[in-house]
Structure formats: C-alpha cells, structure tokens
Amino acid sequence: MSENKKLLQSLFLILMINFIFLIIISSGAIIKWNNDTLDMDFLNPLGWENNIVPSNDDDAIIDINDILVVGLENEIHINSLLLESNSKMASIQLFTTKDNITIGMNSFFLSKYTKARLISNYGKFNGHYPISSLQDTTVNSFGNAQVNFINSTEMIAIIESPSNFYQTSQMTIENSNAYFYNTSSINLFDQSKTNYFSSSIRHISFSHINLYNNSQFSINNSTLLITNGNQFNFNDQSIFNSINSEIIIQFDNSIFKIFPIKSSLSSSSSSSSSSSFSSSNNIEFKETNLYSTDGGEILIYRNVLFFNSFLISNGENSKTTIVDADFNIINQSIIYSNNNGEINLKNNLNTIKDTIMITQDGGKINLYKTIVATNVSIEITENQSHLNLKPSSTINLNGGSKIKISNGANFYISENSFLNLTNSEILIDKNGNLFQNGPIFFGTNNKFENRFKFYISSNILTSLPTSSTSTPTSTSTPSKTTTPNLNNLYNNLINNGSIFIKNQQQKQEKILINIPIINNGTILIESNCYFLNYHQNNNNSELIIKSDSTIDSNENIHLKAGRIYGTGRINTSVIHDYGELGSRSITGVLNITGDYTLSSNGLVVIVINSLTDFTQIRINETAILKGDIEIIISNKISTTKLTQLDVVNYHDLDKYSITFRKVRFKTFDPDTGLEMNGHDCARSISTDRSFSVVLIDCQSPISTGVIIGIVCGIVFIVIVVASSYHFKKSISKRINNSSIVIKLKKSKNNNNNNNNDDDDENNNNNSNNQENDDEKENEIDDSIQIDNSIQIENVNQIENVNQIEIAGNNINYDHDEINVNN
C-alpha cells in the first residue's frame with residue numbers, strides 16, 4: 001500500500017511540474033538562438049535554447065554575427081523579435097509580431113509578409129520578394145537604419161503602418177510597386193531620407209508623407225500617386241528632388257505642399273526677390289511630370305527648378321500655386337493647364353527659357369509678379385482658357401518668344417501690369433481675344449498681328465520702362481517720325497480682325513498707340529487716342545469713330561481702301577486714295593481738322609435719314625475734291641418746303657477743284673434696305689465753303705421752268721453777295737436734271753468792270769447740244785422769272801443735281817443742261 005501511495009505522489013509531482021512549466025511557457029518566454037542547426041531554419045528547434053521554437057507569446061532574440069536565419073516553409077507568429085548587432089533574419093512566409101521588431105546596428109531583417117511594429121536601430125529592414133507587406137506595423141528607424149523594398153514588383157502593401165525615420169536613417173523602395181493604405185504615413189526627421197527608384201508608389205486614404213528638419217525625399221524614374229485626401233508636406237529645410245518621374249496629386253483635398261523655410265518667414269518679399277537661387281533649398285524637378293488633377297492641389301513656397309519637366313493642372317478645382325520664391329523653368333519644359341485646371345505663379349521671379357506654356361479647354365494660368373521668358377511659346381487655346389497677367393505683374397518676352405491666342409481663349413493684361421516685347425511675337429488667331437488694360441512696351445524686332453478681337457484700354461509704347469513697376473507719366477504725343485516700312489511685318493500692329501479702343505478706367509486719358517497701324521479689318525474707337533501712323537489697305541476694312549472720340553496723329557491718316565466713318569474728330573489731315581469716307585447705313589458727324597484730299601478713285605458717301613438725321617463732314621482746312629460723292633436718301637422723307645442740308649463743309653476749296661467730279665443720288669427704303677438709283681426730289685449746290693443738298697416737295701405741281709427759275713434766283717442772289725465781298729472773277733453754274741452745283745470764287749477788284757461787256761455776247765452765242773442727238777434747243781431768254789411763292793429754307797444746305805455752272809451773265813440751255821458762261 002505504501003508503495004502505491006509513493007507512486008501516486010510521484011506522478012502527482014510530475015504532473016504539477018509539467019503544469020507549472022506549461023503555465024510558464026504559456027505566459028511567454030525569452031528564447032535565444034543558439035546556432036546548433038545547420039539549415040539555419042527559424043522553425044528548427046535545434047537552433048533555439050532548450051530546443052524550444054518561439055511561439056505566439058515568446059520574445060525571440062537572434063544574436064549571431066553574419067549568419068542568416070531564415071523562415072522557409074511556414075508562417076511565423078511571435079510576440080517580438082530582437083536582432084542584435086550584425087545579425088540577419090529573413091522570412092519568405094508571413095511573419096507577424098504582437099510587439100516590436102527591433103533591428104540592431106549593422107543588422108537587417110528581410111521579409112515577404114510582415115505584420116509587426118518595427119524598430120530599426122542602425123539596422124535594415126528589407127522586403128526583397130515579389131510580394132511584400134507591412135500591416136499594422138509601426139516603423140521607427142534610428143541612426144543609419146534602413147527600410148528597403150527591392151524587386152517587389154507585384155506589390156508592397158503597407159497598411160495602417162506609420163513609419164518614422166530619425167537621424168540619418170532612410171527608406172528605399174526600388175523596382176517595386178508600393179501601396180500605402182489607411183494611416184500608413186511616412187514621417188522623416190533630422191537628416192533622414194526616403195528614396196523611390198524605378199517604382200510605382202501610391203499613397204491612398206490618409207497615408208501622408210511629412211518631411212521635417214533637413215530630411216530629404218528623392219524620386220527617380222518612378223511614379224508617385226497622392227490621392228484620396230492624402231498630403232505630401234515639406235516643412236523646415238527639407239529637400240525634394242525628382243528625376244525622370246511622375247508625381248500625381250489626385251482628387252479633392254489631396255495636397256503636395258512645400259512650406260517656406262522657417263528662417264525666411266520674417267524676411268520681406270523685396271529681399272527675397274533679389275536673393276539668388278540657393279541650391280541648398282531648391283525643389284528640383286528634372287525630366288519630371290508634376291500633376292494636380294481632379295481637384296488635387298500643389299502648393300510650393302520654395303525656390304523651384306524645372307528642367308525638361310511638365311507642370312500640369314488638369315480638371316475642375318485642380319490647382320498649382322508657387323508663392324514667394326524664385327521659379328526657374330528651362331530646357332523644353334511645359335507648363336500646362338487643362339480642363340478648368342489652374343496654375344498660379346505668385347513668386348517673385350520666374351525665369352522661363354526654351355519652354356512651352358499652354359492653357360487649354362478652360363484651363364487658367366495666372367501670373368502675379370515678374371516673368372522673364374526667353375524663347376518661350378505661350379499657347380492659350382480652346383473653350384474659355386485664360387492667361388491672366390494680374391495687377392502689378394510683368395511679362396518680359398524676348399529671344400524669339402511667342403504668344404498665340406485662339407479658339408475661344410483669352411489673354412488678360414490687367415491694369416498696372418506690363419507686357420514687354422523684344423524680338424517676340426503676339427498672334428491673336430481665330431476666335432482668340434486679347435484684353436489689354438495695362439501697357440504694352442515694344443522693343444525691337446517684334447511682330448504683332450490680330451486676326452480676331454483685340455480690346456485696347458491702355459497704351460502701346462515703344463520705349464521700355466526703367467523698371468517693371470514704372471508707369472508712363474505723360475500722355476503727350478511723340479514727335480513726328482519718319483514713315484515706317486509698311487511691307488515689313490515687324491514693329492507694326494497688323495489688324496486682320498477687330499480692334500476695340502476704349503478707355504475702361506475712370507480717367508479718360510488719351511490712349512497712345514506708338515507703333516504704326518496697318519488696318520485690314522475693323523477698328524472701333526470709343527475713346528480719345530493717338531496713332532503714330534495709320535494705313536488702311538483692305539476693301540473690307542473699316543475705321544469707325546464713336547462717342548465723339550478724337551484721333552490725334554502727327555502723320556496723315558491714309559485711306560487706301562475700305563471705309564472711315566462715324567461721329568468724332570480726326571486731328572490731322574486725311575489722304576483718301578481709294579475706298580469710302582462715310583457709311584452706307586448710318587449717319588454721323590465727322591470733323592477733320594487738317595486738309596482732306598480726295599483722289600479720283602475715292603468716294604464720299606452721305607446718308608440722309610431725315611431732315612435732322614444726316615451725314616455731315618466738316619473739314620477745317622483745304623478740301624481737294626477730285627473724286628465722286630454718292631448721296632443716299634430715305635424714301636420716307638417728306639417736305640412741303642425747299643430744304644437745304646449742308647453735308648460737306650470746308651474752310652477753303654483748292655483752286656484746281658470744281659467740287660466733286662460726279663454727284664450720284666440714290667433712294668433707299670429704311671424698312672427693307674433696298675437701294676434705287678436716282679432721286680426725283682433732290683438737287684445739290686456747292687460753293688467754295690460747302691456742298692449742300694436741296695430737297696423739294698415732289699407732290700407739288702411745279703414745272704421744270706419753275707425749278708429753273710428757283711435755281712436762277714438763287715444764282716442771282718449768290719452773284720450779288722459774291723460781288724459785294726470781292727469774290728474771284730467767275731461764278732460757274734451747270735444745271736442737269738437732278739443736280740445744281742454753284743461754285744463761288746472771290747473776285748478781284750480789276751474784274752468788276754468786265755461783267756456787263758460780256759452779257760450781250762453770251763446771250764447771242766451760247767447753246768448746248770443734247771447728249772444723244774445733234775438737235776439744237778431754242779434759246780432761252782436771260783431774264784427767267786422766279787416764282788416768289790416758293791419758300792427756300794436754310795440756304796446753307798443742299799445736295800446733288802445734274803450740274804449748273806454760273807460764270808457770268810449768259811445762259812445757254814441744251815436739253816437738260818444750262819450753262820452760264822463768262
């Protein structure tokens with residue numbers, strides 16, 4: 001019995017010892033690698049103390065120099081892992097810890113699937129397999145520790161795994177595809193680094209990248225996507241470099257933001273603008289595409305260098321802004337704003353060289369300070385795209401630069417901003433618009449052509465300002481210059497579209513255009529302006545003056561084709577070789593303060609809508625009239641009195657002119673616009689001071705003889721008045737069926753005695769032949785009776801009839817023509 005009892009007690013003791021051991025084991029133990037295995041398999045018990053493989057609650061310690069411990073076949077789940085100095089661990093299957101993975105100095109941990117909290121103390125974490133992952137893992141790297149993902153071409157998944165890098169530690173992703181999900185942010189401090197090489201990296205859903213102190217982020221031959229509200233923030237003096245890569249900031253609240261350097265926050269903008277481009281604080285993009293798209297935002301407060309790179313803003317609410325820094329774009333870079341995207345350059349100095357700037361399909365580029373552009377092509381095209389030169393900003397274009405505006409796009413030059421051109425070109429192409437509210441300065445060798453719409457509200461000057469902020473202090477007109485070479489495409493404003501000149505400012509100062517204008521289209525003037533030189537050369541071209549505006553010029557206005565008309569003043573002489581002075585559809589009062597020279601190929605057009613609404617041309621100096629006049633009268637006019645309308649007035653008539661060469665009347669219907677040749681109720685009279693139209697009552701039964709009597713009565717009055725003022729010796733008058741022309745010349749004192757001697761001889765000898773046959777008409781007695789019951793209103797206004805010339809007392813009548821010769 002006693003022996004049995006002793007046996008039972010022994011068994012109980014063994015069970016209690018085993019139970020206690022199991023309790024100790026289950027609570028977790030610290031188990032060390034002892035290096036007794038030859039295959040170095042983590043799951044081989046021979047490699048561990050007491051031949052116990054670490055399990056879920058155990059803390060594993062590997063402390064062996066330069067020997068790699070590997071996990072090959074099965075998953076590994078432990079509480080924590082400590083790799084002492086110079087130790088190495090690799091896991092091909094899933095490797096998880098509840099607590100930290102701590103990597104010591106000169107050690108490294110290589111993993112395919114990792115779920116742990118990783119502390120890398122001067123050691124390395126490497127993901128070297130096609131699929132690698134860190135999940136629910138906090139990475140803290142110190143010293144020169146490294147976290148590397150290499151050749152993970154299928155996927156690196158980093159989920160809810162924030163990573164912190166201190167001192168000179170770094171993370172490298174190379175030849176891999178990386179996904180950062182759900183709060184897997186990367187934070188770099190001190191002089192730590194993150195390097196992306198030949199990889200595709202996506203930060204999704206609150207997976208931010210934050211750089212502090214002097215940390216550095218480099219991306220090379222890779223694609224970085226910041227999306228779904230993620231942020232990429234550069235703080236302090238952190239450094240960013242990108243080579244041959246794409247950086248895409250996508251969707252609303254996704255931000256790529258480079259903050260200003262703390263030491264420069266207190267410095268003034270003036271000092272920062274004059275500072276040199278410091279390489280230590282550069283943000284460099286080399287052969288890189290930087291996108292803000294679908295609502296993404298890029299915000300940079302630091303010096304930026306773009307070298308052969310793209311800066312792109314694409315999509316509604318997408319925005320890129322560069323503020324208070326130097327911005328250098330060189331060597332075939334492209335700035336591109338598309339699909340309602342927006343790019344704002346608010347920095348102090350922008351140097352753009354050998355670059356293309358494009359805004360397309362509703363995109364906007366806003367320039368706020370100084371742009372220095374050399375050999376730059378700026379294209380604003382399609383569907384309400386905009387290039388905006390904001391107030392107090394300047395663009396200096398030189399070295400073969402070009403601005404092209406087309407297809408519904410707009411270029412706005414704001415008030416107090418400047419556009420300076422040297423060896424450059426502006427083309428306002430089809431459906432393009434240029435709104436000029438600030439001055440344009442023309443240097444040398446520039447081309448400027450408008451093919452659609454150009455709105456001028458400020459000066460176009462030829463001398464560049466002394467500084468980008470200087471403003472012209474005077475609106476005085478320049479001195480007279482030599483006539484430019486109009487066949488040269490350079491240094492002229494060539495208009496093949498429409499130009500609108502109107503001062504939008506409250507100060508109604510004169511707008512100066514100090515380059516020659518070659519107008520082949522339409523120019524509408526609604527403000528006072530100055531033209532250095534003006535030539536109009538196209539049959540469809542028009543110069544329209546409205547709002548009683550004034551054109552000043554030190555050169556003559558040349559009308560070689562098209563039309564000039566409206567209400568206003570031309571403060572110089574007009575040379576009219578071809579084309580029309582006056583409109584065929586509207587009336588106006590046009591004053592020419594100098595001489596007016598009408599060649600034989602020119603035409604003056606007068607429109608009479610009513611007795612109070614008719615075209616008037618007033619010439620302050622000498623009129624040389626060798627061409628024709630055409631008078632278009634509304635068929636709605638009705639009068640019961642003989643009414644005279646002065647349509648052309650001049651101070652003096654050239655001695656070789658006999659007023660207009662030919663006078664043509666037309667009738668038009670205001671309701672239909674239909675024109676008909678002739679007008680039965682209109683006649684014209686001209687003197688050496690005016691050309692007038694006489695309208696008569698066509699409804700009254702007035703005989704031709706009575707009309708002739710009226711005319712002769714007017715002639716008699718004119719002769720008496722002329723004699724009393726010592727006019728020249730002859731007064732000529734010719735009456736055709738539809739016009740009366742009276743020309744008065746000042747007579748000299750020694751001619752007064754010749755008039756009576758000539759009367760009898762002219763009464764006996766003068767007669768005219770009918771135009772279509774040789775049949776002679778009967779002589780008309782020189783005393784034609786005048787019907788005193790006919791009333792004449794406003795003797796200073798009359799139009800064209802077939803002609804009457806009065807040059808003495810004898811009157812010969814040949815069918816429709818009466819000649820009164822000296």
Side-chain angles (χ1 to χ4, degrees), residues 149 155-163 173 176-188 194 196-211 217-235 240-259 283-302 304 306 309-323 333-345 358-366 385:
F149 292 95
M155 182 178 71
I156 300 170
I158 303 176
I159 305 171
E160 297 180 354
S161 303
S163 303
I173 299 177
S176 302
N177 296 317
Y179 296 81
F180 292 80
Y181 294 94
N182 298 341
T183 68
S184 54
S185 298
I186 298 175
N187 302 299
L188 281 76
T194 294
Y196 292 163
F197 297 100
S198 303
S199 300
S200 174
I201 303 98
R202 301 185 181 186
H203 287 258
I204 301 170
S205 183
F206 302 105
S207 300
H208 307 315
I209 302 176
N210 299 301
L211 279 77
F217 185 95
S218 298
I219 180 170
N220 190 330
N221 195 33
S222 300
T223 298
L224 172 62
L225 174 64
I226 308 294
T227 186
N228 291 57
N230 284 296
Q231 296 185 11
F232 198 153
N233 299 312
F234 292 82
N235 302 278
F240 175 86
N241 295 297
S242 177
I243 300 174
N244 194 29
S245 299
E246 284 191 345
I247 302 172
I248 303 170
I249 316 301
Q250 186 180 43
F251 301 139
D252 292 345
N253 300 317
S254 298
I255 300 175
F256 179 95
K257 187 172 184 179
I258 300 177
F259 291 90
I283 304 300
E284 296 185 355
F285 298 89
K286 296 180 180 180
E287 299 179 353
T288 295
N289 299 334
L290 178 59
Y291 294 86
S292 62
T293 182
D294 300 321
E297 182 175 359
I298 298 169
L299 185 59
I300 300 175
Y301 289 85
R302 198 86 62 81
V304 178
F306 262 76
S309 298
F310 284 20
L311 176 62
I312 300 172
S313 182
N314 177 67
E316 192 74 36
N317 297 322
S318 300
K319 186 183 296 184
T320 297
T321 304
I322 301 175
V323 184
S333 295
I334 293 180
I335 302 175
Y336 183 69
S337 178
N338 180 55
N339 193 24
N340 297 312
E342 184 175 325
I343 296 176
N344 301 298
L345 302 182
I358 301 174
T359 170
Q360 189 174 29
D361 195 21
K364 298 179 180 67
I365 297 179
N366 301 314
S385 299

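Just so you know, these numbers come straight off a predicted model, no measurement behind them.
- Closest of all the heavy-atom pairs between Gln250 and Leu225 is OE1-CD1, 3.8 Å.
- Under a 3.5 Å cut-off, the side chain of Ser309 and the backbone N or O of Glu287 do form a donor-acceptor pair.
- Atoms CD1 and OG, from Ile173 and Ser198 in turn, are 12.5 Å apart once rounded to the nearest 0.5 Å.
- Across all their heavy atoms, Thr293 and Ser318 have their closest contact at C-OG, 3.1 Å.
- A distance-only check finds a donor-acceptor pair linking the side chain of Asn235 to the backbone of Leu211 [under 3.5 Å].
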Practice item. Could you go through the side-chain hydrogen bond (donor to acceptor under 3.5 Å, both in side chains) check for Ser222 and Ser199 one step at a time? Key: CA-CA 5 Å; Ser222 300; Ser199 300; 4.7 Å; no
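- The structure places CD1 of Ile283 at 14.0 Å from OH of Tyr301, a figure rounded to the nearest 0.5 Å.
- Across Asn289, Thr288, Asn221, a single residue satisfies side chain to side chain donor-acceptor pair (under 3.5 Å) together with Glu246, and that is Asn289.
- Between the CG atom in Asn366 and the OG1 atom in Thr320 there is a gap of 11.5 Å [rounded to 0.5 Å].
- Screening Tyr196, Phe259, Phe217 for a ring-ring contact (aromatic ring centres under 6.0 Å, His included) with Phe232, the sole residue that qualifies is Phe217.
- Crowding of Asn253 atom CG: a count of heavy atoms from other residues, nucleotides or ligands under 6.0 Å not exceeding 12.
- The two residues Ile249 and Glu297 have their closest heavy-atom pair at CG2-O, 3.6 Å.
- Lys286 NZ to Ile243 CD1: the interatomic distance, rounded to the nearest 0.5 Å, is 5.5 Å.
- Here the shortest heavy-atom pairing between Leu311 and Ile343 reads O-CD1, 3.8 Å.
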Exercise for review: Kindly indicate, with the supporting measurements, whether the criterion side chain to side chain contact (heavy atoms under 4.5 Å, CB included) is fulfilled by Ile312 and Asn338.
Suggested key: CA-CA 8 Å; Ile312 300 172; Asn338 180 55; 5.9 Å; no
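- Of all heavy-atom pairs spanning Ser254 and Thr227, the tightest one is OG-C, 3.3 Å.
- For the ring-ring contact (aromatic ring centres under 6.0 Å, His included) with Phe285, the lone residue among Tyr291, Phe240, Phe310 that qualifies is Phe240.
- Rounded to the nearest 0.5 Å, atoms OG (Ser218) and CG (Asn241) are 5.0 Å apart.
- The aromatic rings of His203 and Phe180 sit parallel to each other, their planes meeting at less than 30°, with 60° as the upper class boundary.
- With values rounded to the nearest 0.5 angstrom, His208 atom NE2 is found 10.0 Å from Ser184 atom OG.
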Exercise answer: donor-acceptor pairs, residues 358-365 side-chain atoms, under 3.5 Å, sequence neighbours excluded:
residue, atom, partner, partner atom, Å
Thr359, OG1, Gly363, O, 2.5
Gln360, OE1, Tyr336, OH, 2.6
Gln360, NE2, Glu382, OE2, 3.2
Asp361, OD1, Asn383, ND2, 3.1

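- In this structure, Phe197 has no ring-ring contact (aromatic ring centres under 6.0 Å, His included) partners at least two apart in sequence or on a different chain.
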